[in-house]
Structures are given as structure tokens and as C-alpha cells.
Number of protein chains: 2
Amino acid sequence: MLPRKIADSTVRRLAIYLRFLEEFEAQGADTLSSKALAHRAGTTSAQVRKDLSFFGSFGKRGLGYDVHALARELRDILGLNRRYRVIMVGAGRLAGALVQFSGFNERGFDVVAVLEKDPAKIGQRWGGLVVEDVRHLEKVVKQQRVDLAILVTPADPAQGLVDRLVAAGVTAVLNFAPVQLQVPEGVEVKNVNLAVELETLSYAIKHRSDNRAESA
Amino acid sequence: MLPRKIADSTVRRLAIYLRFLEEFEAQGADTLSSKALAHRAGTTSAQVRKDLSFFGSFGKRGLGYDVHALARELRDILGLNRRYRVIMVGAGRLAGALVQFSGFNERGFDVVAVLEKDPAKIGQRWGGLVVEDVRHLEKVVKQQRVDLAILVTPADPAQGLVDRLVAAGVTAVLNFAPVQLQVPEGVEVKNVNLAVELETLSYAIKHRSDNRAESA
DNA sequence: AACCGCTCGTGAAACATTTCACAAATGCTC
DNA sequence: GAGCATTTGTGAAATGTTTCACGAGCGGTT
């Protein structure tokens with residue numbers, strides 16, 4: 001069903017297309033052209049068609065794409081037709097915001113446990129969950145059959161925690177700690193680094209006028 | 001001082017290099033090779049040298065880079081040798097976590113106001129700030145001389161808010177709302193979409209074994 | 001002061017991604 | 001059912017990014 005290697009940029013766009021397809025779906029639209037989708041997603045129609053073409057031909061020439069059918073295809077391609085069991089490692093404010101974040105749940109990501117080192121936080125109730133001692137990490141990963149970890153800790157303990165997660169069987173990690181995690185082959189890591197985002201904005205602000213003029 | 005167009009990927013790596021340089025600085029290291037920096041940042045030495053070469057020659061052949069000097073250069077390149085005045089638009093849990101996030105402050109980003117629509121939240125004290133009515137957006141942007149907005153709202157109101165921000169003079173936005181914002185030329189937008197990150201992980205999990213085997 | 005081991009800076013080559021442009025397919029109209 | 005207006009799917013071209021490979025410069029050693 002699929003080709004050698006798909007660019008990360010393509011996969012990200014597919015996720016974005018899916019979001020807009022579901023919006024259109026909710027608005028009762030049945031059919032959509034690559035042009036309309038591209039406009040919404042901030043890209044070009046050729047890009048949309050090329051991205052989809054890696055996985056098959058889902059459109060009708062002269063007409064466009066069936067909104068429901070394409071949404072279903074994209075959910076299938078992205079692996080969103082199942083649920084994932086997520087462990088949150090770290091119980092700071094960002095972790096709290098993420099646990100509440102409805103987008104995760106709607107997309108099939110269920111937080112099944114929250115771990116923390118700080119004794120003051122262990123035992124707190126978070127929605128239906130109780131914050132557990134990070135010492136029980138291995139036990140929790142196994143008992144809860146965790147698919148995916150979200151790492152929301154300071155930089156320091158991150159590598160040690162990811163080692164333990166991997167040893168316990170976790171094979172996918174969303175990492176908010178500002179370190180480059182070392183993991184064995186076969187384990188997927190995605191990094192989100194808010195400071196980097198701000199700093200690229202800072203760069204853009206500083207260099208904004210470097211189109212034409214250039215002076216000291 | 002600078003070339004035509006620098007790739008976003010390069011700028012992001014510069015921000016990452018800077019983080020590790022500052023770590024090494026704190027550990028008392030004086031000199032660092034492109035190889036050592038690359039290892040820490042998860043890339044290659046050639047990449048490090050190429051990234052830096054767009055902006056000048058900062059190293060000493062045979063030796064490597066002076067940690068302090070290179071950190072200073074990177075801060076200058078990234079525009080981090082000044083402070084930015086940030087307005088937070090939206091006062092949900094994620095906004096709360098971001099306001100607390102020490103990384104922002106350390107890097108020179110000062111949150112000077114928090115705006116919100118929900119009357120229940122207006123008037124709350126957040127650290128040294130009071131959550132204000134979003135109706136005062138224009139007044140606050142001007143009085144506080146805001147450089148940069150962080151948009152942490154649902155998708156629906158995002159475009160309208162960004163229009164008002166831009167009209168009031170804001171020229172850089174970090175957007176957490178899951179929409180593709182339309183802005184005029186000269187306004188910088190960076191999108192952070194946590195759902196997209198999770199979905200690319202989901203894709204990676206699903207397609208992990210597509211290296212060799214391929215069956216229906 | 002000549003040599004040696006190391007590491008930078010950088011064109012050129014390799015690789016990856018996006019854009020172009022057009023044939024083929026579809027529905028609609030007459 | 002022929003003609004027309006659309007819109008897809010896709011090789012090929014253009015563009016962008018990373019990797020390679022090597023000349024040049026630096027510090028230390030004899």
C-alpha cells in the first residue's frame with residue numbers, strides 16, 4: 001500500500017488536510033477540489049495532489065475529492081483509526097494543560113497515567129487520574145500497555161527517563177524537554193521545543209528587512 | 001552582514017546549537033569542535049559548519065570554536081540580544097503554562113499582558129499580571145508597545161484576532177490555534193500544532209515496519 | 001623553523017522536495 | 001452522444017538542502 005519513504009513535510013500536510021476535511025464535513029460539503037483544500041491549508045493544489053498521489057488516487061477528474069472518503073483514507077494512512085494509550089511523564093503545568101487538551105482525546109490519544117518525581121505532586125487527582133510516583137514507571141507501562149509517552153520534564157532527567165521507557169517497551173515519544181534524545185533503532189521521537197519556535201520568530205523579526213536593503 | 005535567504009531548518013539548528021553552547025559554557029568549556037556540537041545536537045559536523053558559514057567564519061582551524069564568542073554571535077544572529085514584549089491572547093490552561101514557562105523569560109521574552117474573552121477569567125491574577133478583557137486588545141497593544149503575540153485560542157476566533165493584532169501594529173505571531181492564518185506581507189507567523197505532532201507520530205508507528213516487508 | 005595532527009570553510013556533487021505543465025477522465029449541456 | 005469546462009494524477013524540470021571531500025590555517029612538538 002505504500003512507497004519507500006514519505007517526507008515528513010508530506011505527512012504533516014496530510015494531518016493538516018485531514019483537519020480541514022473534517023471541518024468541511026461538519027459544514028455538510030460533499031466534494032472538494034485540491035485547489036480549495038490547498039487554499040485552506042496554505043499551499044498549492046499541485047502540492048495537495050502530489051502528497052495524496054504517494055498513497056493512491058482518491059479523486060475524480062473534473063470533480064475533486066469526496067470529502068468523507070478522503071477523510072477516511074487520510075485517517076487510515078495516518079493510523080488514526082485506532083486509539084493510543086499515552087503515558088505523561090512529568091506533572092508540571094504544561095503536562096496539566098496537555099492532559100486537558102481535548103484535541104488529543106478527540107484524535108484517539110488517551111492519557112492512561114501521569115508520572116512525577118516530586119512527592120508534593122504524587123497522589124494529586126487529575127481528572128480521572130491520580131499522579132503516580134515515577135519509580136513505578138516500568139510497572140505502569142506494562143500494566144497499562146502504553147503505546148506512547150509524552151515527556152514533559154526538565155532537560156536533565158530526560159535521557160534517563162527515555163532509557164527506562166524504551167527498556168519497558170515504549171516505542172514512540174513526544175519530547176518537550178530541550179535535549180536531543182538518543183534512542184535505539186525502531187523508536188520514534190518527535191521533538192517540540194517552544195524556545196526554538198520563539199527564537200526563529202526572533203530571527204525573522206530581526207532579519208525582516210533583509211529583502212532589499214542591507215546596511216550596518 | 002547576511003545572505004539572501006536562510007533556510008528555516010538552518011535557523012532552527014542555530015537555536016539548538018546556542019542552547020548547547022550555553023550548557024557547555026556553564027560547564028566551563030572554552031572551546032568546542034563542530035563535531036562535538038553536532039553530536040550533541042543530533043546532526044553532522046559538516047552541517048554545523050555549513051550552517052555557521054552562511055553568517056561568517058567563527059572558528060579557528062585545528063582548534064574549533066570559542067564557546068563564548070560563538071554563543072555571542074548566535075545570540076546576535078538570532079536577534080536574542082534584546083528583549084521582546086509579548087502579549088498572550090487567550091487565558092486557557094495552555095496559556096497559563098506558557099506564561100509560567102521560564103524558558104521564555106530567560107530568552108528575553110516578557111509577557112506584558114494576557115487577554116481573554118470569558119468574563120469568568122477576566123480579572124484573575126496571573127503572577128504579576130491581571131487577565132484583561134480582549135475588547136481592550138488595541139489599547140493594550142499600543143500602550144504596552146507589544147512586539148509579538150502568542151495566540152492560544154480555539155480555531156474559530158483566531159483569524160479575527162490576528163486581524164485586530166496586525167491592525168494594531170503587531171508583526172510577529174506564535175500561533176497555537178489549528179488554523180492557517182492569513183496575514184499581510186511583512187507579518188511573521190509561526191504555527192505550533194500539537195495535534196499534528198501526535199499524528200505524525202501515529203503515522204510513524206503505523207508505518208514503522210515498512211522498511212522491507214510490505215503486505216496487505 | 002619545518003613537520004604533523006587536527007579542524008575549519010566551502011565549492012561541487014548528491015539527494016530531496018516542490019513546481020510545472022499536460023494528458024486523461026469526468027460530468028454537464030445541447 | 002459530441003463538445004466543453006473542469007480537475008485529477010504524474011513524469012519531468014526547477015529549486016532547495018545536505019553531504020562530501022579537500023585545500024588552507026592553526027597549535028604543538030622536535
Side-chain angles (χ1 to χ4, degrees), chain A residues 1-17 20-21 24 29-71 73-74 77 180 200 203 210-211, chain B residues 1-17 20-21 24 29-71 73-74 77 180 200 203:
Chain A
M1 173 202 167
L2 30 111
R4 211 52 31 106
K5 191 69 216 285
I6 299 296
D8 186 64
S9 52
T10 293
V11 177
R12 302 179 77 86
R13 281 192 300 267
L14 293 180
I16 290 169
Y17 302 156
F20 293 127
L21 280 169
F24 281 109
D30 278 342
T31 239
L32 198 63
S33 71
S34 58
K35 194 169 156 209
L37 191 48
H39 178 75
R40 209 66 158 62
T43 180
T44 67
S45 62
Q47 182 78 80
V48 170
R49 296 199 301 278
K50 179 64 91 180
D51 286 340
L52 296 175
S53 77
F54 293 129
F55 297 93
S57 329
F58 308 121
K60 286 239 189 315
R61 292 169 192 229
L63 249 198
Y65 300 88
D66 179 286
V67 173
H68 297 278
L70 185 56
E73 289 287 353
L74 288 182
I77 290 167
Q180 195 60 35
T200 60
Y203 174 88
D210 301 346
N211 297 332
Chain B
M1 173 201 166
L2 30 110
R4 213 49 31 111
K5 190 68 215 291
I6 300 295
D8 186 64
S9 52
T10 292
V11 178
R12 303 177 76 85
R13 281 192 301 266
L14 294 180
I16 291 169
Y17 302 156
F20 293 126
L21 281 169
F24 281 109
D30 278 343
T31 239
L32 198 62
S33 71
S34 60
K35 195 169 154 209
L37 191 48
H39 178 75
R40 208 69 159 61
T43 180
T44 67
S45 62
Q47 182 78 80
V48 170
R49 294 198 303 276
K50 178 64 89 179
D51 287 339
L52 296 175
S53 78
F54 293 128
F55 298 93
S57 333
F58 309 120
K60 287 239 188 315
R61 295 169 191 229
L63 252 200
Y65 299 89
D66 180 285
V67 172
H68 297 279
L70 186 55
E73 288 289 353
L74 288 182
I77 291 167
Q180 195 59 37
T200 60
Y203 175 87

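Chain letters run A, B, ... following the sequence lines, proteins first and then strands; every chain starts at 1.
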Any side-chain N or O of [X] less than 4.0 Å from the OP1 or OP2 oxygen of [N]?
X	N	result
A:Arg61	D:dA5	no
B:Tyr65	C:dG9	yes
B:Thr44	D:dT19	yes
A:Arg49	C:dT19	no
B:Ser45	C:dC8	no
B:Gln47	D:dT19	yes

Non-hydrogen side-chain atoms of [X] and [Y] separated by less than 4.5 Å:
X	Y	value
A:Leu32	A:Phe20	no
A:Leu74	A:Phe58	no
B:Asp30	B:His68	yes
A:Leu70	A:Tyr17	no

- [ ] Hey, which sits more toward the 5' end of DNA chain C by its nearest nucleotide, B:Gly62 or B:Ala46?
- [x] B:Gly62
Open item on the list: With nearest nucleotide decided by heavy atoms, which residue, B:Gly56 or A:Asp51, maps closer to the 5′ end of DNA chain C?
Closed with: B:Gly56
Taking the side chain of [X] as its heavy atoms from C-beta onward, which of [options] lies nearest to it?
X	options	result
B:Ser53	D:dT18, D:dG9, C:dT10	C:dT10
B:Ser9	C:dT10, D:dA12, D:dT18	D:dT18
B:Lys50	C:dG11, C:dT18, C:dC8	C:dG11

Figure out the [atom1]/[atom2] separation between [X] and [N], and round it to whole Å.
X	N	atom1	atom2	value
B:Phe55	C:dC8	CZ	C1'	18 Å
A:Phe58	C:dT26	CZ	P	16 Å
B:Lys5	D:dG16	NZ	P	9 Å
A:Lys60	C:dA25	NZ	P	13 Å
A:Leu14	C:dT17	CG	C1'	14 Å
B:Leu63	C:dG5	CG	C1'	12 Å
B:Arg12	D:dT17	CZ	C1'	15 Å
A:Asp8	C:dT18	CG	P	10 Å

TODO: Please figure out whether A:Ser34 or B:Ala7 has its closest DNA chain D nucleotide nearer the 5' end.
DONE: A:Ser34
TODO: Can you see which heavy atom on A:Asp51 is nearest to which on A:Thr10, and at what distance?
DONE: OD1-OG1, 3.3 Å
Task: Taking every non-hydrogen atom, the tightest pair across A:Ser34 and A:Ser45 - done: OG-CB, 3.5 Å
- [ ] Would you mind classifying the nucleic acid contact of A:Lys35 as base, sugar-phosphate or nothing, using non-hydrogen atoms under 4.0 angstrom?
- [x] nothing
